[in-house]
Amino acid sequence: MAGAPNWLHVDTAEEAPPPHLTTLTSCMALSDVQCDGYVRLLAADISLDNAAEEPTATLKVFRGLKLKHEQPLPGIPAAIESLYIDETEPKTPVIAVAIAESVLFYRHLKPYFKYTIPAQDSEDLELEVWRKLPVVKPSAHPALLDSLKTIDHSKLSRKSQRLLQMGEQEREHFIATHKDSPVGRVGNIVAMCCIKRISSDANPPSHLVLATDTGHIMILEPQGFNLVYQGKACDDETAVPSLISVQGTFETDFCIVVATRNGGVYLLRKSQSEGQEIFKLGIPLTGLLLLPIDQTIIASTMDNRYLCYSKRGKLLYQVPMSDLPVCLLPLPLTHLGLTLVAIALRGGVVKFYLQRYLVDEFVLEETVDAMLYGRMGMEDHVLTLVTQSGGIVVKILRRVSRFEPKAGDLANKRALGDNKSIVDASILDKPKKSSIFVEQAAREKQQAKSTYGSFQVELWRLRHTAARATIDAINSSESTISGDLTHAPVKLSAEVCGSGPAFRLYLTVQNLSTFKMASNLVVLLHADRRHYTIPQTLARLPSVLPGVPLRVDFEVVAVLDPMDKLPPASLTPDNSLIRVMLMKAGQAKPLIAAAISMPQSEAAF
Amino acid sequence: MGMLHNLADLIKIKKDKMTILVLGLNNSGKSSIINHFKKSSEQTSIVVPTVGFMVEQFYIGMSGVSIKAIDMSGATRYRNLWEHQFKNCHGIIYVIDSSDRMRFVVVKDELDLVLQHPDLCNRIVPILFYGNKMDMEDSLSSVKIAAALRLENIKDKPWHICSSSAISGEGLGEGVQWLIQQMRFAMLNNKNAAKSRSKHSK
């Protein structure tokens with residue numbers, strides 16, 4: 001395994017009595033039962049030690065790894081779930097324990113409701129036999145029991161099944177005791193899981209999905225205890241559900257995948273209550289998952305294989321296991337955007353797969369019987385494993401963990417292709433990424449900053465050019481700064497001295513460029529002849545160096561009326577202008593065009 | 001003359017502000033510890049989980065030091081933000097929940113990541129460890145915490161660990177006095193090193 005391990009091992013040696021559990025994955029849950037933000041581990045400890053008595057189970061609550069609470073359970077549970085049933089604050093989780101035909105609900109670890117699934121219709125013959133048994137003589141009982149045996153054993157009620165197993169001495173007392181019990185077949189809950197009612201991030205209310213050994217699938221609304229969905233996995237009576245997996249939300253859409261003991265896998269949807277067979281294997285399954293993102297069905301089988309099917313029953317890939325897969329668990333790593341599949345093999349190996357690729361593994365001392373992943377205590381991403389001898393192992397995911405396929409896995413994939421027991425010619429075993437693509441992706445990742453910077457520079461240069469061109473178009477005739485890109489930028493300013501009628505006009509031409517010389521410049525003065533006389537209107541300028549302003553002066557004489565020595569009456573402040581144009585020699589378009597307002601001229605005396 | 005020089009340096013440093021980075025896992029008591037050092041008028045009665053980070057200012061009257069404390073969030077998704085503050089800090093307070101044994105392995109892992117960061121591994125930064133929640137029933141002593149986290153392996157940085165209770169304030173003053181003293185020594189050493197470098201360049 002390259003690099004540091006992804007999982008931190010929590011040392012349990014210091015716990016005074018070491019924590020001990022005999023349980024299954026379905027009988028474990030994580031719940032904030034005290035509403036203090038500390039998520040506790042709940043598990044059913046199943047005791048099989050006393051061979052004389054029946055097995056017993058205890059609901060144990062751990063704070064961290066320290067046992068804090070024990071609650072005897074009235075039977076062996078099939079599943080334990082923690083769910084929220086309403087939106088009231090503070091949100092209190094409810095613990096649901098499925099035992100035989102009932103679901104026990106605990107709130108604050110105190111029992112508060114018991115729900116029993118509805119009974120099936122009973123056989124007429126069974127009703128007739130139980131009506132006769134208490135009233136006829138004991139010598140007639142064997143004949144009645146023989147007729148009872150003609151009914152399928154699985155269709156009999158529980159008391160009929162027990163009566164048939166009894167010896168002759170116990171029958172009369174049993175019949176006298178249970179003659180008034182109802183005759184009816186009640187299914188046993190064999191699997192249970194949660195489905196969220198709506199999609200929400202913060203503890204949404206959930207419904208319970210129940211699967212019974214009669215093949216019925218029910219969804220229980222735990223607030224009013226109503227059955228809001230009923231379906232049947234398949235019509236085959238011998239197909240008993242054993243595993244179940246649900247994805248989706250009840251209000252929107254959901255899928256339920258059911259695996260039966262004879263190897264069939266069936267799919268139920270919200271819109272159809274009859275199970276649709278997806279695929280059928282000749283061997284029993286040890287694990288079943290419906291993955292959320294790619295909506296594929298993951299199965300582990302007793303012939304040491306790990307299979308992936310689409311919802312239409314097409315085999316996508318299969319991975320041979322080195323030993324029997326005992327436990328299958330999804331690991332939704334939402335902070336990494338991945339969903340891994342953890343597989344515990346017999347012997348203590350735990351492997352983590354991302355689709356078909358092995359991305360991580362570790363080895364424990366003995367076989368792992370149960371696994372649980374989620375937020376535990378105050379830490380997210382905690383994996384709890386229970387071994388065959390009852391030891392609890394806790395692994396915490398590192399913050400800097402990395403899950404990537406092993407280096408040799410891609411090469412081994414082709415080598416293992418010859419050993420496939422199922423022919424899947426429809427799956428092309430092509431490389432996931434070409435070398436050019438990988439190199440280009442790596443190069444883009446490494447030089448992301450320079451690539452982005454270069455793009456930004458080009459973008460700003462383009463904007464600058466466009467803005468400059470816009471300014472040129474607008475200000476080509478009226479500006480104090482020339483905008484001609486082919487010429488050095490030139491600035492023009494003017495100053496008028498004198499009180500009239502003779503004025504002295506000073507022009508200052510300045511080169512704004514830092515390196516370019518402004519040459520071949522011509523200044524043209526234009527004025528109304530009725531108001532102003534300019535002896536020299538055209539002047540050729542020498543070259544203007546950068547940073548050295550050039551000063552040119554012109555004589556302007558105001559025109560006066562010969563009679564009264566005053567400016568003409570047509571001269572107003574609006575038209576007392578002299579237009580100055582700075583041009584390049586040989587061009588008609590001016591670089592700069594400016595208008596100078598002349599002051600009022602005094603009369604000549 | 002040398003003694004007077006050092007005395008002047010100490011007096012000058014006394015007026016400097018010090019920046020402390022407060023790290024630790026979520027729910028270990030970082031914000032409660034900072035809350036205890038603040039002025040009575042600024043203290044809050046309810047401490048909520050920190051989101052991102054908070055910057056707090058308080059004054060240690062006994063030492064005459066103005067402290068700027070950067071209170072980082074310890075939630076898993078916010079621990080990535082710690083490393084952006086390593087350049088600016090003069091000292092680190094690392095708060096450990098001494099009653100949360102299950103997460104000691106996480107405390108050690110995050111501490112190793114902090115110590116190996118390039119912004120810190122070449123600098124002398126004192127680290128003060130608070131074994132917080134010492135009043136809890138199943139809390140560990142500071143000696144056991146140091147053994148569990150293998151603090152004796154920290155060679156290049158001065159470190160100190162003491163048990164504390166953010167609710168009663170026990171153990172907090174002693175720890176922060178040690179940290180202020182160590183930060184002064186570290187800043188003095190950095191200043192002398194800078195002087196040596198400038199003298200050498202001439």
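Each chain gets a letter, A, B and so on, in the order the sequences are listed, and its residues count up from 1. Worth knowing before you read on, the calculation uses all heavy atoms, side chains too, and leaves out hydrogens, waters and symmetry mates.
- For the pair A/M376 and B/M102, the minimum side-chain heavy-atom distance is below 4.5 Å.
- No donor-acceptor distance shorter than 3.5 angstrom exists from the side chain of A/R399 to the backbone of B/T76, with no hydrogens or angles considered.
- Residue B/V106 comes nearest to A/L8 through the heavy atom pair CA-CD1, 4.0 Å, listed as atom of the first residue, atom of the second, then distance.
- Contact annotation for A/H9: only backbone heavy atoms (N, CA, C, O) come within less than 4.5 Å of a heavy atom of chain B.
- With a 4.5 angstrom heavy-atom cutoff, B/N80 touches chain A via backbone and side-chain atoms both.
- Atom-to-atom distance recorded for B/D100:CG and A/Y38:OH is 5.0 Å, nearest 0.5 angstrom.
- Dense packing is recorded around NZ of B/K157, with more than 12 heavy atoms of other residues, nucleotides or ligands lying under 6.0 Å away.
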Verify side-chain contact (heavy atoms from CB on, under 4.5 Å) between A/V10 and B/R103, making sure each step is shown before the conclusion. CA-CA 7 Å; A/V10 174; B/R103 291 207 287 175; over 6 Å; no
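- Open room surrounds CD1 on B/I167; 12 or fewer heavy atoms of other groups in view lie less than 6.0 Å from it.
- Salt-bridge formation is detected for the pair A/E379/B/R79: a Lys NZ or Arg NE/NH1/NH2 atom is positioned less than 4.0 Å from an Asp or Glu carboxylate oxygen.
- Within 6.0 Å of CD1 in B/I124 there are 12 or fewer heavy atoms belonging to other residues, nucleotides or ligands.
- Closest heavy-atom contact between A/R375 and B/N26: NH2-ND2, 4.3 Å.
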